[in-house]
**Q** 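I'd like to ask some things about the structure below.
So you know, we letter chains A, B, ... as the sequences are listed, proteins then strands, and number each from 1. Fair warning: this is a prediction, and the values are worked out from it, not measured in the lab. FYI, side chains are in, hydrogens and waters are out, and symmetry mates aren't considered; it's all heavy atoms of this structure.
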Amino acid sequence: MSYVLRTLRKKREVDSIIRDTIDTVLVLRFGRALDPICLQLDDILSKSEREVSKFATVALVDIDSEDVQVYVKYFDITLIPSTVFFFNAHHMKMDSGSADHTKWVGTFLRKQDFIDVLEAIYRGAMKGKLIVSCPLPPQRIPKYQLLYKDV
Amino acid sequence: MKKEKKNEEYEFCAVCKLNHNQGRRHNYFPNHVKSRSAFLTRFQSKLADVRFFLKNPSLLRPEHASRNRLWCVFCGSDIDGLGSTFACGNAIAHLVSADHLKNLKDFLWKYGGGMDHVDSFRLSEVDLARWEKKCKLLKTDGASDRSRGVVIGPVNDIQLNSENIDTFIQSLNSSFSNGVVEPLQIYTNERYQVSHEIFRVQELGPLRQDADSYLHVGTQLDNNACSSNYFTGKILLWVEFLKAYTLSGYSEVPSLQVRVAASTLCSSDQPPGLWLHRLLMLSSNLVQVHRDERTANSECSSQGLQNLTQISSIVCGDAIGNVHSGAPPPWLDSSEGKQLDFKRSPFNKSRKCSKLNPKRVGAAWAERRKVELEMEKRGALAKNFDANWLPNFGRVWQSGSRKESMKEFEVETKKSSKVETQCEMPMQLQPYVSKKMVSFTFTFTALYALVVLSYALTFTALYALVIL
């Protein structure tokens with residue numbers, strides 16, 4: 001899956017991709033290529049990448065590289081895979097009923113779920129909203145526990 | 001206090017054919033009202049047929065029994081014509097039954113529609129009694145006399161909506177006024193294939209005058225004994241013809257082509273065969289007449305299953321070329337330049353005019369970036385962004401605007417190596433206060449309170465001493 005999608009290992013690469021995607025949603029997946037849940041997410045991303053190519057770009061970021069650790073801290077990534085959405089270099093938040101609105105933690109159940117989420121983000125961004133609500137029902141959203149400063 | 005919105009369970013509305021969680025409110029929605037009225041009207045039209053047979057009972061032949069079924073929407077059950085001697089016998093019995101009434105009431109209650117419409121969807125005992133009387137009469141009379149007057153069947157059996165149908169019925173009535181016709185025993189509601197014959201109306205039918213001539217031909221022939229099937233066959237022919245006529249949109253003059261696929265109508269009767277033969281003759285004449293109207297290039301296949309018009313392609317030469325040879329289409333030859341230019345200019349304009357929403361997220365940034373990219377393409381600017389650039393990000397445990405998140409992050413990265421708890425305390429927006437502080441404040445306030453109390457006590461003691 002990783003050979004289909006672009007994998008970024010340096011901060012400069014991440015910066016350039018964020019700055020260069022204009023008027024399309026940028027999907028950055030932070031995770032490891034060998035982690036099983038990451039693999040499932042990557043599978044879904046690679047399958048739907050072409051279909052959403054008109055309004056979204058997908059890229060993978062390897063969290064094991066040292067250069068990217070800045071972003072790992074900046075984005076508060078504690079669980080993988082975490083997917084962060086950008087639009088015109090602005091971060092898009094999504095309220096999916098979970099604790100963390102800034103990113104999508106976990107994988108999607110179906111390809112269509114991913115496309116629905118992307119569409120919701122794109123529509124919200126086009127209207128000027130920085131936070132959108134999740135179109136998926138709660139059964140299909142992965143649950144996780146978020147720790148506050150290791151509490 | 002507003003009522004809390006109930007999260008109702010999803011239920012299925014059979015009228016609108018959809019699942020909803022609106023509960024009882026759904027019955028008052030305009031879409032539901034519309035669907036319900038359409039639904040009930042449809043069923044009413046089917047009941048009208050049954051009512052027709054209630055007023056004019058007729059014998060049901062076993063071969064037609066399969067066409068005599070009705071689906072009762074309230075009970076959700078099929079009522080077929082097995083075992084009933086009279087047309088719609090089972091249906092009439094069902095509509096009188098108590099079960100049906102119960103189901104009907106339940107349905108109307110569930111989907112709205114007014115309980116006063118109950119009677120329009122069922123039959124009363126009185127009606128049933130009347131019908132049974134008529135049936136008995138029919139049985140006794142049936143053996144001797146078959147002619148019962150002119151009954152063609154309910155008008156809406158022939159499902160064609162045009163004024164032609166009415167005039168057609170009238171013409172039939174007038175020609176059959178001798179009273180030699182049996183009532184229509186076949187339910188023409190449902191699609192059927194007459195097992196005895198298949199009349200295929202191809203292309204288009206004759207003019208109305210020609211149609212009448214067919215009719216007259218028919219009447220001339222059957223002066224002697226005629227069976228009911230014979231006439232039903234003819235009626236079926238007319239149904240097919242008129243169907244084709246209406247389907248063609250009344251625009252073209254139809255030319256009837258009749259083909260008898262199977263054996264003759266009724267084995268015992270003699271005139272039908274003769275009639276059919278004459279019909280065929282007439283039809284072939286018609287075909288010849290209409291053949292003259294065709295253009296030289298086309299051929300009409302008058303026989304066999306092939307009904308397609310073959311266009312001989314000899315005239316259209318190979319010199320011009322066609323789609324397969326990659327030749328340009330004929331409309332572009334003459335006005336090629338004009339057409340393309342016309343298409344191009346407005347299209348280009350529309351492309352540039354379609355602006356993205358200026359209120360979209362990061363619009364200003366996007367515009368600036370586009371300009372920068374263009375300049376970089378030209379090679380003018382070689383601006384490289386700062387290595388410490390961070391995107392606009394709203395952090396997880398942050399309260400405040402996104403610019404603060406960047407500042408916080410920078411602060412954290414700078415101070416991550418140092419350990420400065422005291423000066424961080426007032427800066428961090430934490431509701432958490434350390435225990436020391438709490439205890440300190442508590443003791444301080446406690447001491448303060450004690451001091452105040454002690455003062456108060458001493459004053460009161462002194463005052464008491466002074467007075468006493």
**Q** Among Lys73(A), Lys103(A), His101(A), which has the most heavy-atom pairs under 4.5 Å with chain B?
**A**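 Highest number of pairs under 4.5 Å: Lys73(A).
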**Q** Which answer fits Lys129(A), side chain, backbone, both or neither, if we ask what part of it has an atom under 4.5 Å from a heavy atom of chain B?
**A**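 Just the backbone, heavy atoms under 4.5 Å.
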**Q** Parallel, tilted or perpendicular: which describes the rings of Phe55(A) and Tyr122(A), with under 30° parallel and over 60° perpendicular?
**A**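 Ring orientation, 0 to 90° scale: tilted.
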**Q** What part of Ile22(A) gets closer than 4.5 Å to chain B, counting heavy atoms only: side chain, backbone, both or neither?
**A**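 Answer is side chain: those atoms of Ile22(A) sit under 4.5 Å from chain B.
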**Q** In terms of heavy-atom pairs under 4.5 Å with chain B, which of Val70(A), Asp23(A), Ile131(A) leads?
**A**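 Option with the top pair count is Asp23(A).
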**Q** Less than 6.0 angstrom from the centroid, inside 45 degrees of the normal: does Arg24(B) satisfy that with respect to the ring of Trp109(B)?
**A**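 Cation-pi check for Arg24(B) and Trp109(B): passes.
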**Q** Would you mind checking which part of Phe75(A) comes under 4.5 Å of any heavy atom in chain B, side chain (CB onward), backbone (N, CA, C, O), both or neither?
**A**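 Both backbone and side chain of Phe75(A) come within 4.5 Å of chain B.
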**Q** Which atoms of Val84(A) come close to chain B, meaning under 4.5 Å heavy atom to heavy atom: side chain ones, backbone ones, both, or neither?
**A**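 Side chain of Val84(A) only, per the 4.5 Å heavy-atom cut-off to chain B.
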**Q** Parallel, tilted or perpendicular: which describes the rings of Phe74(B) and Phe107(B), with under 30° parallel and over 60° perpendicular?
**A**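 It falls in the perpendicular class, over 60°.
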**Q** Hey, mind stepping through Asp100(A) and Thr102(A) against side-chain hydrogen bond (donor to acceptor under 3.5 Å, both in side chains) and telling me if it holds?
**A** CA-CA 6 Å; Asp100(A) 191 352; Thr102(A) 60; 2.6 Å; yes
**Q** Can you name the side-chain hydrogen bond (donor to acceptor under 3.5 Å, both in side chains) partners of Asn19(B), sequence neighbours left out?
**A**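 side-chain hydrogen bond (donor to acceptor under 3.5 Å, both in side chains) check on Asn19(B) returns nothing, list empty.
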